[in-house]
Amino acid sequence: AVVSTQSTGAQRATNAQYHHPEVTGRVTVLKLEESAGDIGWDTFTLDYDLAGGPLTVIVNEDSRETYLCIFRMLWKTKRIEHGLKRVWENTVTWSRVLPHLSRDIAPLRHLVNMVNNEMQHFISQVQYYINFEVLECSWKELEGAVDTAENLDHIIDAHKKFVSVVSERLMLNEEHRAVMEKLYKVFSHAINFIAEYDDASDMLKTHEIVRRERETAIQSNTDKGGWGTNAAKEEAGRAEDMEFRERLAFISQNFGTIREGFAACLGDLLSALSREQDDTVKFLSLRIDFNEFYRGHLAVK
């Protein structure tokens, strides 16, 4: 019920609000079978209920499955886009939110920004490709075919062609399964980066509180005319800072590993895309690696 309410609210916040209620009212939430480790993003998808309507003559079950696959791909890219945007928004506030750690976390912040920028470039190019190079162009062709159709059979054939072209260019068919798996491996590295960032951010906030309380205690003792600290407290503070720096090094290493894995999987994807026969699909590799950065990265490897 909550997800359905959110879906309705989202429709009202977009151009979908101007469609006839008969159109928007058929958008439903389809709950998926949950697997271990799934979170909210993974447990549902949007569906379009055509039951009892004349469109079932044109949009059969196979076409409906294709539309669900398209939505799941769009949903995955939107999830990554949203997560990377949140990473950037949080990181730019570190100097203000984590003032006691600013010197220690400067290298980590630089690394996070580099990884985030690389992933944002990738996901924005994939989204552009899906929305404009594939869906918009194919939809325009479908509209033209429907406008010139002389009978229902012509419309059915035009829709079949539309679904076939979209499936081919979005690599949803069986022939492109290997390429799709490579794409989703790249997605998984981006999702892992976002999850790792959230854990790291929680750790940094916790240690910021520790240092702030330590500094406040020293200032309070000094204001009372006593020693700000003592040998035992200093030793405990040094131990806490040492443990923090070790955890910081471990987190940086994890981010570096994710970055390397992301680059390697992206290189595999680009290599596979460059061998595609369809020029539209091949063009995706040129958009992502327009300056041959990843090709040079693989050559060095």
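Hydrogens, waters and symmetry mates are skipped; everything else that's a heavy atom, side chains included, is used.
Between atom OG1 of residue T93 and atom CZ of residue R96 there is a gap of 5.5 Å, rounded to the nearest 0.5 Å. Put simply, CD1 on I123 and CG on L84 are 7.5 Å apart, with the number rounded to the nearest 0.5 Å. Rounded to the nearest 0.5 angstrom, K78 NZ and M73 CE are separated by 15.0 Å. Distance check, rounded to the nearest 0.5 Å: CG of D157 to CG of N151 gives 8.5 Å. Residue K282 holds its NZ atom at 7.5 Å from OG of S274, rounded to the nearest 0.5 Å. Considering CG of L101 and CH2 of W94, their distance stands at 9.5 Å, rounded to 0.5 Å.
Residues V165 and I70 do not share a hydrophobic cluster, clusters being chains of Ile/Leu/Val/Met/Phe/Trp/Tyr side chains in contact below 4.5 Å. The cluster map of Ile, Leu, Val, Met, Phe, Trp and Tyr, joined by side-chain heavy atoms under 4.5 Å apart, puts I105 and V97 in the same cluster. Under the 4.5 Å side-chain heavy-atom criterion for ILVMFWY residues, a single connected hydrophobic cluster contains both M180 and I288. Put simply, L270 and L286 are part of two different groups of oily side chains (I, L, V, M, F, W, Y) that touch within less than 4.5 Å, one to the next. Using a 4.5 Å cut-off between side-chain heavy atoms of Ile, Leu, Val, Met, Phe, Trp and Tyr, with links allowed through other members, V92 and V87 fall into different hydrophobic clusters.
Evaluation of the ring-ring contact (aromatic ring centres under 6.0 Å, His included) test over residues 261-289, restricted to residues two or more places apart or in two chains, returns F122-F262. The salt bridge (charged side-chain N to carboxylate O under 4.0 Å, His left out) contacts involving residues 202-217 comprise D104-R211, E208-R212, R211-D241, R214-E240, R214-D241, where partners must be two or more places apart or lie in separate chains. Listed by first and then second residue, the salt bridge (charged side-chain N to carboxylate O under 4.0 Å, His left out) pairs that reach into residues 143-154 come to none, sequence neighbours excluded. Listed by first then second residue, pairs satisfying salt bridge (charged side-chain N to carboxylate O under 4.0 Å, His left out) with a partner in residues 111-127 read E118-R259, not counting sequence neighbours.
When all heavy atoms are compared, the tightest approach of T66 to S167 is CG2-OG, 3.3 Å. Contact record, L108 with S252: CD1-OG, 3.6 Å, taken as the closest heavy-atom pair. Closest of all the heavy-atom pairs between S285 and L273 is CB-CB, 3.8 Å. The heavy-atom pair separating G256 from L111 by the smallest distance is N-CD2, 4.2 Å. Pairing each heavy atom of A190 with each of I80, the nearest pair is CB-CG2, 3.7 Å.
Between Y48 and Y67, the ring centre distance reaches or exceeds 6.0 Å.
No side-chain heavy atom of Q120 sits less than 4.5 Å from a side-chain heavy atom of S124. By the 4.5 Å heavy-atom criterion applied to side chains, W88 and T91 are not counted as neighbours. Counting heavy atoms from C-beta on, the side chains of V210 and F244 never come closer than 4.5 Å. Side-chain contact between N173 and E168: present, with at least one pair of heavy atoms (C-beta onward) separated by less than 4.5 Å. A heavy-atom distance below 4.5 Å is not found between the side chains of C265 and K182.
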May I have the step-by-step check of side-chain contact (heavy atoms from CB on, under 4.5 Å) for E276 and M171, ending in yes or no?
-> CA-CA 10 Å; E276 286 293 318; M171 300 161 286; 5.6 Å; no

Give the C-alpha distance, both sets of side-chain angles, the deciding distance and a yes or no for side-chain contact (heavy atoms from CB on, under 4.5 Å) between F193 and M119.
-> CA-CA 9 Å; F193 167 70; M119 292 183 175; 3.7 Å; yes

CA sep, side-chain torsions, deciding dist, call: N116, Y197, side-chain contact (heavy atoms from CB on, under 4.5 Å) = CA-CA 10 Å; N116 195 54; Y197 176 87; over 6 Å; no

Check step by step if salt bridge (charged side-chain N to carboxylate O under 4.0 Å, His left out) holds for R86 and E89.
-> CA-CA 5 Å; R86 180 167 48 80; E89 289 175 343; over 6 Å; no

Check the pair L266, L269 against side-chain contact (heavy atoms from CB on, under 4.5 Å), reporting the backbone distance first and the verdict last.
-> CA-CA 5 Å; L266 183 51; L269 173 64; 4.1 Å; yes

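Residues R109 and S95 have side chains that bring a donor and an acceptor to within less than 3.5 angstrom of each other. Inspection of the D198 and S201 side chains reveals no N or O donor paired with an N or O acceptor under 3.5 Å.
Every residue two or more places apart in sequence or in another chain that forms a side-chain hydrogen bond (donor to acceptor under 3.5 Å, both in side chains) with N254 is listed here: E196.
For CD of E175, the number of neighbouring non-hydrogen atoms (other residues, nucleotides, ligands) closer than 6.0 Å is greater than 12. Within a 6.0 Å radius of NE2 in H110, other residues, nucleotides and ligands contribute 12 heavy atoms or fewer. Counting non-hydrogen atoms of other residues, nucleotides and ligands closer than 6.0 Å to CZ of F250 gives a total of 12 or fewer. The local environment of CG in N15 is sparse, with at most 12 non-hydrogen atoms from other residues, nucleotides or ligands closer than 6.0 Å. The environment of R238 atom CZ is dense: over 12 non-hydrogen atoms of other residues, nucleotides or ligands sit within 6.0 angstrom.
Under the 30°/60° scheme for interplanar angles, the aromatic rings of W75 and F71 are found to lie parallel.
With T148 contributing its side chain and G144 its backbone, the two residues share a donor-acceptor pair below 3.5 Å. A distance-only check finds a donor-acceptor pair linking the side chain of S188 to the backbone of K185 [under 3.5 Å].
Ion pairing between a basic and an acidic side chain is recognised when a charged N comes within 4.0 Å of a carboxylate O; R26 and D47 show no such pairing.
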Distance-only donor-acceptor hits, side chain of residues 126-136, under 3.5 Å, sequence neighbours excluded:
residue, atom, partner, partner atom, Å
Q127, NE2, E81, OE1, 3.1
Y129, OH, R169, O, 2.6
N131, ND2, Q127, O, 3.0

